[in-house]
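A quick write-up on the structure given underneath.
As a basis for the values below, the full set of heavy atoms in this structure was taken, side chains included, without hydrogen atoms, waters or symmetry mates. Keep in mind the model is a prediction, meaning the values are calculated, not measured.
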Amino acid sequence: MHRTNRLLWLTGSSQLCARVERMITRTARTALSAAVLVPVLLTGCGRSTPVESGREARAAAAPAAEVSREPMAEVSVDVLPQEVPGLGAATRAGIPDASRQVLVVTGEGKDSPRSVAVLYERTADGWQGGPEWPAHNALKGWTGHHVLGDLRSPIGVYTLSDAGGRLPDPGTRLPYHRSSGFTLSGTGFEGEPLEGSFDYVVAIDYNRRPGTSPQDWTRPLGARRGGGIWLHVDHGGPTQGCVSLAEEHMRDLLRALDPDRHPVVVMGDAASLAR
């Protein structure tokens with residue numbers, strides 16, 4: 001190659017390499033900016049610790065290998081309340097941030113007395129559900145405005161603060177109030193015997209004063225709005241407003257509930273809970 005032409009070729013190659021290098025640098029910076037943006041978007045849900053001021057600048061200056069690990073470190077289980085299946089945004093909004101135990105009672109239909117209950121625990125890997133327990137709710141189903149004698153269970157999110165029953169404490173961490181006053185007799189709506197239904201109960205904090213025996217009849221919303229809504233032993237038929245589980249499942253529930261984990265019950269028909 002002629003010497004002059006060779007110099008021109010080398011000069012052109014250098015300029016081309018410089019242009020390519022600048023393009024690569026801009027592309028890398030764009031990728032780094034996107035990598036930094038991911039954790040910022042994830043923490044925008046309001047459930048996790050905000051990104052510290054200046055972290056973006058440090059991430060942009062860090063090697064690519066370090067930045068690729070950064071978004072994973074920012075993802076917290078606190079941004080995953082939607083992992084409890086079947087719950088819509090409005091229902092999830094009613095669950096206290098401190099709650100780490102959620103008993104979800106899902107009715108088959110608005111007017112159905114049959115339900116399924118699942119206890120969910122928040123762990124380092126997100127929400128983990130236990131086994132499905134068949135349950136009964138009120139004879140006429142569910143309502144968003146429970147009143148005394150309507151034979152419907154109240155829809156909503158309620159804390160679980162107190163337990164009790166006719167039988168000895170099976171090992172719960174909730175305050176347990178044992179009393180012979182939990183004795184029940186007679187028959188249910190389908191002719192089934194009611195005896196033993198209150199052997200174990202957990203008070204649902206609907207229209208009651210938490211921190212008292214389930215048998216406390218204080219009604220903050222007034223007597224007309226009903227009360228005495230409990231989780232109790234299933235008697236094989238619909239209830240007047242409570243939710244009932246098999247005796248063995250009531251024992252399992254009592255042993256699992258932990259006041260330090262701020263347990264709540266989320267209850268209603270499937271369509272209502274999905275809102």
Side-chain angles (χ1 to χ4, degrees), residues 81-96 98-122 127 129-163 174 189 197-198 200-208 210 214 219-221 225-235 237-246 249-250 252-254 256-259 261-275:
Q82 67 274 16
E83 284 195 354
V84 178
L87 305 186
T91 302
R92 294 198 308 269
I95 300 175
S99 293
R100 296 295 182 269
Q101 289 182 319
V102 176
L103 178 68
V104 179
V105 180
T106 307
E108 289 183 357
K110 190 68 176 287
D111 301 319
S112 171
R114 294 185 177 276
S115 307
V116 172
V118 178
L119 179 63
Y120 290 88
E121 303 257 3
R122 183 178 281 183
W127 289 101
E132 289 189 352
W133 296 330
H136 278 103
N137 51 274
L139 175 68
K140 295 185 178 180
W142 301 91
T143 179
H145 186 80
H146 176 66
V147 294
L148 184 66
D150 66 4
L151 297 180
R152 291 184 179 271
S153 298
I155 298 169
V157 179
Y158 306 102
T159 53
L160 301 173
S161 306
D162 302 278
L174 294 176
F189 293 109
S197 298
F198 298 160
Y200 299 118
V201 308
V202 176
I204 294 172
D205 292 339
Y206 167 81
N207 199 19
R208 71 176 298 269
R219 299 290 178 255
L221 300 177
R225 294 297 304 277
I229 307 297
W230 297 344
L231 293 154
H232 64 69
V233 175
D234 188 71
H235 45 74
T239 72
Q240 302 229 5
C242 299
V243 173
S244 60
L245 302 170
H249 298 151
M250 278 299 298
D252 291 341
L253 179 65
L254 281 163
L257 293 178
D258 182 353
R261 296 179 67 79
H262 306 284
V264 298
V265 60
V266 179
M267 51 193 279
D269 60 284
S272 295
L273 296 186
R275 293 172 185 159

Whether R152 side chain and H145 backbone form a donor-acceptor pair below 3.5 Å
no
Side-chain donor/acceptor of R208 to backbone N/O of G228, under 3.5 Å
no
Write down the atom of V243, the atom of M267, and the distance for their closest heavy-atom approach.
CG2-CE, 3.9 Å
To the nearest 0.5 Å, what is the distance between CG (L87) and CZ (R275)?
13.5 Å
Can you label the angle between the W133 ring and the H249 ring as parallel, tilted or perpendicular, going by 30° and 60°?
parallel
Going from CD1 on I229 to OG1 on T239, what distance comes out if it is rounded to the nearest 0.5 angstrom?
7.5 Å
Result for side chain to side chain contact (heavy atoms under 4.5 Å, CB included) between L103 and one of V266, V118, L231 points to L231
Verify, without hydrogens or angle tests, whether S112 (side chain) and R114 (backbone) share a donor-acceptor contact under 3.5 angstrom.
yes
Please report the closest heavy-atom contact between L254 and A163, naming both atoms and the distance.
CD2-CB, 3.6 Å
Minimum heavy-atom distance A246-D234, with the two atoms named:
N-CB, 3.9 Å
Minimum heavy-atom separation for P96 to V157, with atom names?
CD-CG1, 4.5 Å
Supply the atom-to-atom distance I155 CD1 to K110 NZ, rounded to the nearest 0.5 angstrom.
5.0 Å
Distance-only, no hydrogens or angles: does the D162 side chain make a donor-acceptor pair with backbone N or O of A203 under 3.5 Å?
no
dist Y120:OH -> W127:CH2 (nearest 0.5 Å) comes out at 10.5 Å
May I ask you to decide if D111's main-chain N or O and D269's side chain share a donor-acceptor pair within less than 3.5 Å?
no
Sidechain-backbone polar pair: S99 side chain, Q101 backbone, donor-acceptor under 3.5 Å:
no
Roughly how far, to the nearest 0.5 Å, is CD1 of I95 from NE2 of H262?
14.5 Å
So, the side chain of E132 versus the backbone of V116: is there a donor-acceptor pair under 3.5 Å, distance only?
no
Taking all non-hydrogen atoms of both residues into account, name the closest pair between P154 and H146 and its distance.
CB-CB, 3.9 Å
Got a donor-acceptor contact below 3.5 angstrom from the S153 side chain to the A138 backbone?
yes
side-chain contact (heavy atoms from CB on, under 4.5 Å), that's the test. Do T143 and D150 meet it? Break it down for me.
CA-CA 9 Å; T143 179; D150 66 4; 3.6 Å; yes
N/O donor-acceptor pair under 3.5 Å between D205 side chain and P210 backbone
no
Looking at every non-hydrogen atom in both residues, tell me the closest pair between R225 and Y206 and how far apart they are.
O-OH, 2.6 Å
Measure the OG1-CG distance between T91 and L273 for me, rounded to the nearest 0.5 Å.
5.0 Å
When you look at CD of E121, are more than 12 heavy atoms from neighbouring residues, nucleotides or ligands closer to it than 6.0 Å?
yes
Counting only N and O atoms by type, is there a donor-acceptor contact under 3.5 Å from the side chain of Y200 to the main-chain atoms of L253?
no
